[in-house]
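Have a look at the structure below before the remarks.
Fair warning: this is a prediction, and the values are worked out from it, not measured in the lab. By convention in this document, chain letters (A, B, ...) are assigned in the order of the sequence lines, proteins followed by strands, and residues within each chain are numbered from 1.
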Protein chains: 2
Amino acid sequence: MNLTEAKAQFIQSWGILGSQWGINRTMAQIHALLVVAAKPLTTEEIMEQLSVSRGNTNMNVRELIDWGLVDKVIIKGERKEFFSAEKDIWKVATLIMYQRKKRELDPMVKVLNQLSEIEGDKEDENVKAFTEAIGNIKKFAGQAEKTLDTIIKAEENWFWSSFIKLFK
Amino acid sequence: MNLTEAKAQFIQSWGILGSQWGINRTMAQIHALLVVAAKPLTTEEIMEQLSVSRGNTNMNVRELIDWGLVDKVIIKGERKEFFSAEKDIWKVATLIMYQRKKRELDPMVKVLNQLSEIEGDKEDENVKAFTEAIGNIKKFAGQAEKTLDTIIKAEENWFWSSFIKLFK
DNA sequence: GCAATGTTTCAATTTATTTTGAAAGTTTAA
DNA sequence: TTAAACTTTCAAAATAAATTGAAACATTGC
């Protein structure tokens, strides 16, 4: 396998992985392309390399910038905008965790809090079972939240060792 | 909010959360329904409560069983099959982690290993950059794998230790 | 065996998501 | 100010994913 094939393969696989995790394929592919690119790329180059329309490229690049995974780069003497990706995979993982926590875990916790306050006979077996189930999920969400905060704040070096300790 | 409303709300939210993580909405909703159900439910009951077809219910229940999140329950004197969900949220989380690791992380690692072996001039800046990027991702994946194994094992230990306590 | 009850499959349909591309908007340099 | 270069938007079209439902298949009890 040569470099060009390898890059294409990586972009392909990263796209599939992304789509299995609720990230659209093109967004993941653009990210992959920028990760393995030697230099920042323009919209034109992304369009060409991935065979994707201008609108699609623009929207997904904007989304990637929004997630903090991609940066606009100004190259002097050039009129066009260039884009480059965060290449430190630890940072990438941290950014994604942070974004997903904010967008998905936090809203879920909000709902769970509302659900803890149901009216009804506290002696009723059904009410008790429900309250307990929700309570456990909240407890879990709380732990997950703390763990994520730890990871996000942690320095790369003691990152995993401290993470693992949480479960010992 | 009363119990019925709260259950509906929970099922709704769990469904949305699932779909953001690449799990189909109905599958997540069936799981949620079974988690908050006081008793094991039949296909009929699931169909009715979620307004979903028989085929859809059957397929998603099967998938949940496949993930280890739901069990078939035989109730004596009853002809029908009943289904009940794992209610321990930690176990649910580890089961999901295990399945996703197996289905998504492992294949990605396999691809990454192939990509490390590209042909080409080792002095070429482009080749060097690519190899390094892939190397970092592999390192990350390796760490993630180890961490997941630790979590999953920790959970097993917890399971067995509490199981043993039952006989003390 | 066979009818009743229950489960599974899958082609067709519906629904949801992604993508396109042309038009509108913006910035730049002369 | 103007026009060329470039970016953004969004309604419509294409694509992908989930869902239906009726038919096929399986199991049970008589």
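Comparing A/Arg25 and A/Arg79 by the nucleotide of DNA chain C whose heavy atom lies nearest to each, the residue mapping closer to the 5' end is A/Arg25. Heavy-atom nearest nucleotides on DNA chain D were determined for B/Met27 and for A/Lys80, and the one closer to the 5' end corresponds to A/Lys80.
Checked by atom type and distance alone, the side chain of B/Gln143 never pairs as donor or acceptor with a backbone atom of B/Phe140 at under 3.5 Å. Counting only distance, with no hydrogens or angles, the side chain of B/Asp71 and the backbone of B/Val73 share no donor-acceptor pair below 3.5 Å. Between the side chain of B/Asp88 and the backbone N or O of B/Trp90, at least one donor-acceptor pair lies under 3.5 Å. Under a 3.5 Å cut-off, the side chain of B/Lys91 and the backbone N or O of B/Glu86 do not form any donor-acceptor pair. Put simply, the side chain of A/Glu5 gets close to the backbone of A/Asn2: a donor and an acceptor are under 3.5 Å apart.
Atoms CD (B/Glu78) and P (D/dT28) sit 14 Å apart, rounded to a whole Å. Rounded to whole angstrom, the span from the CD1 atom of B/Ile23 across to the P atom of D/dA17 amounts to 15 Å. Between B/Ile75 atom CD1 and C/dG6 atom C1' there is a gap of 15 Å when expressed in whole angstrom units. For the pair B/Ile74 CD1 and C/dG6 P, the computed distance is 13 Å after rounding to whole Å.
Within a heavy-atom distance below 4.0 Å of DNA chain C, no residue of residues 9-20 of chain A is found. For the segment residues 43-64 of chain B, the set of residues with a heavy atom within less than 4.0 Å of an atom of DNA chain C comprises B/Arg54, B/Gly55, B/Asn58, B/Met59, B/Arg62, in numerical order.
Just one of A/Lys139, A/Lys101, A/Lys102 meets the salt bridge (charged side-chain N to carboxylate O under 4.0 Å, His left out) condition when paired with A/Glu145; it is A/Lys101.
Looking only at side-chain heavy atoms (C-beta outward), B/Gln99 and B/Glu104 stay at 4.5 Å or farther from each other. Counting heavy atoms from C-beta on, the side chains of B/Leu112 and A/Phe10 come closer than 4.5 Å.
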